[in-house]
**Q** 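Next up is a structure, given as structure tokens.
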Amino acid sequence: MASSAVKMETNPRGIPHSPFVERVEDYVSEAEPVEVVLKKFQEAISKYKFMEVNLLQRRKVLEEKIPDIEKTLNMVAYLTEKQTSDEPIYTDFELNDTLYAQAKLEATESVYLWLGANVMLEYTFEEASDLLSSKLKTAKSSLKNTIEDLEFLRDQITTMEVNTARVYNWDVKQRRLARQASNA
């Protein structure tokens with residue numbers, strides 16, 4: 001592969017760009033025979049696929065998280081709108097995936113938000129709205145970056161698979177030429 005003194009190109013989030021093998025002779029030498037080069041390419045493909053699996057999991061989590069944040073943000077907006085009203089709000093709230101409870105909500109000045117790790121904090125409506133808007137913006141940005149990284153990784157995996165095929169085919173051709181030369 002390319003010299004380690006050369007700085008590897010990466011995407012904006014640090015995923016290395018795979019080189020395209022135009023001339024196999026530039027990669028194969030006495031010091032690095034075909035088997036070593038093919039092994040390095042397979043290792044690179046494995047690394048890219050590992051990153052892809054992690055990003056697919058991250059994408060799934062974000063795609064589940066964004067609607068939850070939006071739903072919570074809409075509820076905070078609804079409670080803010082109803083805070084001036086003297087009449088209570090009747091609602092069903094989710095205890096579990098399939099378990100709901102009915103509640104009567106009196107006018108209030110604050111909401112409680114789950115922050116994770118069994119932590120819940122009280123916020124004013126404005127603070128809660130700002131926090132949730134910030135979290136939503138961050139989650140959407142992260143999802144966009146994750147999707148871009150997945151596309152980038154697919155391109156890198158394809159490039160490395162093509163490189164592997166090119167080196168393998170070159171090796172087959174060289175062996176055939178060597179066999180023909182020895183027979184002649």
**Q** Taking atom CG of Asn118 as the centre, does the number of heavy atoms from other residues, nucleotides or ligands within less than 6.0 Å exceed 12?
**A** no
**Q** Glu52 and Leu150: side chain to side chain contact (heavy atoms under 4.5 Å, CB included), yes or no, with the steps?
**A** CA-CA 6 Å; Glu52 182 182 36; Leu150 282 167; 3.9 Å; yes
**Q** Other residues, nucleotides and ligands only: do more than 12 of their heavy atoms fall within 6.0 Å of CD on Glu22?
**A** no
**Q** Hey, quick one: are Phe50 and Phe152 part of the same hydrophobic cluster, counting side-chain heavy atoms closer than 4.5 Å, chains of contacts allowed?
**A** no
**Q** Looking only at non-hydrogen atoms, find the nearest pair between Tyr48 and Pro16 and report the distance.
**A** OH-O, 2.7 Å
**Q** Less than 4.5 Å apart, side chain to side chain, heavy atoms only: is that true for Leu136 and Leu73?
**A** yes
**Q** Does the pair Glu127 and Thr124 meet the rule for a side chain to side chain contact (heavy atoms under 4.5 Å, CB included), with working shown?
**A** CA-CA 5 Å; Glu127 291 171 335; Thr124 65; 3.2 Å; yes
**Q** Any salt bridge between Lys65 and Asp68, counting N to O under 4.0 Å?
**A** no
**Q** Search all heavy atoms of Ile69 against all heavy atoms of Leu132 and return the closest pair with its distance.
**A** CG2-O, 3.6 Å
**Q** Any ion pair linking Glu148 and Lys144 (charged N to carboxylate O, less than 4.0 Å)?
**A** yes
**Q** Would you compute the distance between atom CD1 of Ile157 and atom CZ of Arg154 and round it to the nearest 0.5 angstrom?
**A** 8.5 Å
**Q** Minimum heavy-atom separation for Leu113 to Ala128, with atom names?
**A** CD1-CB, 3.8 Å
**Q** Taking all atoms of both residues into account, what is the closest heavy-atom pair of Leu62 and Ala139, and its distance?
**A** CD2-O, 4.0 Å
**Q** Is it true that atom CZ of Arg175 has more than 12 heavy atoms of other residues, nucleotides or ligands lying nearer than 6.0 Å?
**A** no
**Q** For a quick test of reading the model, state the closest non-hydrogen atom pair linking Phe41 to Met160 and the distance between them.
**A** CD2-CE, 3.3 Å
**Q** For residues Thr80 and Ser129, determine if any side-chain heavy atom of one lies less than 4.5 Å from a side-chain heavy atom of the other.
**A** no
**Q** Asn11 and side-chain hydrogen bond (donor to acceptor under 3.5 Å, both in side chains): which single residue from Asn145, Asp155, Asp149 fits?
**A** Asp149
**Q** If you round to the nearest 0.5 Å, how far is NZ of Lys137 from OG of Ser142?
**A** 13.5 Å
**Q** Determine, stepwise, if the pair Glu32 / Lys40 fulfils salt bridge (Lys or Arg N to Asp or Glu O under 4.0 Å).
**A** CA-CA 10 Å; Glu32 285 196 15; Lys40 285 183 178 182; 2.7 Å; yes
**Q** Counting C-beta onward and ignoring hydrogens, is there a side-chain heavy-atom pair between Phe125 and Glu109 closer than 4.5 Å?
**A** no
**Q** Walk me through it: do Gln174 and Arg179 pass the test side chain to side chain contact (heavy atoms under 4.5 Å, CB included)?
**A** CA-CA 9 Å; Gln174 295 304 313; Arg179 199 172 341 117; over 6 Å; no
**Q** Decide whether Val111 and Leu105 are clustered together by the hydrophobic rule: side chain heavy atoms of Ile, Leu, Val, Met, Phe, Trp, Tyr closer than 4.5 Å, transitively.
**A** yes
**Q** Look at atom CD of Glu126 and say whether more than 12 heavy atoms of other residues, nucleotides or ligands are closer to it than 6.0 Å.
**A** no
**Q** Taking the basic N atoms (NZ, or NE/NH1/NH2) and the acidic carboxylate oxygens, is any pair closer than 4.0 Å for Lys140 and Glu70?
**A** yes
**Q** Tell me, do Tyr123 and Tyr112 make a side-chain contact under 4.5 Å, heavy atoms counted?
**A** no
**Q** Applying the 4.5 Å side-chain criterion to the ILVMFWY set and letting contacts propagate, would Leu56 and Ile45 be lumped into a single cluster?
**A** yes
**Q** Is any side-chain heavy atom of Asn163 less than 4.5 Å from a side-chain heavy atom of Phe20?
**A** yes
**Q** Between Lys135 and Leu131, is any pair of side-chain heavy atoms under 4.5 Å apart?
**A** yes
**Q** Can you tell whether the side chains of Glu63 and Arg58 come within less than 4.0 Å, N to carboxylate O?
**A** no
**Q** Is any side-chain heavy atom of Ile89 closer than 4.5 Å to one of Thr108?
**A** no
**Q** Please test Leu79 against Met75 for side chain to side chain contact (heavy atoms under 4.5 Å, CB included), starting from the C-alpha separation and ending with a verdict.
**A** CA-CA 6 Å; Leu79 290 173; Met75 181 51 76; 4.1 Å; yes
**Q** Considering all heavy atoms of both residues, which atom of Thr164 and which atom of Leu38 are nearest to each other, and what is their separation?
**A** O-CD2, 3.6 Å
**Q** Check whether any side-chain heavy atom of Trp170 sits under 4.5 Å from a side-chain heavy atom of Glu25, and report yes or no.
**A** yes
**Q** Treat each ILVMFWY residue as a node, draw an edge where side-chain heavy atoms are under 4.5 Å apart, and state whether Val21 and Val36 are in one component.
**A** no
**Q** If Ile, Leu, Val, Met, Phe, Trp and Tyr residues are connected whenever their side-chain heavy atoms lie under 4.5 Å apart, and connections chain through other members, are Ile66 and Leu115 in the same group?
**A** yes
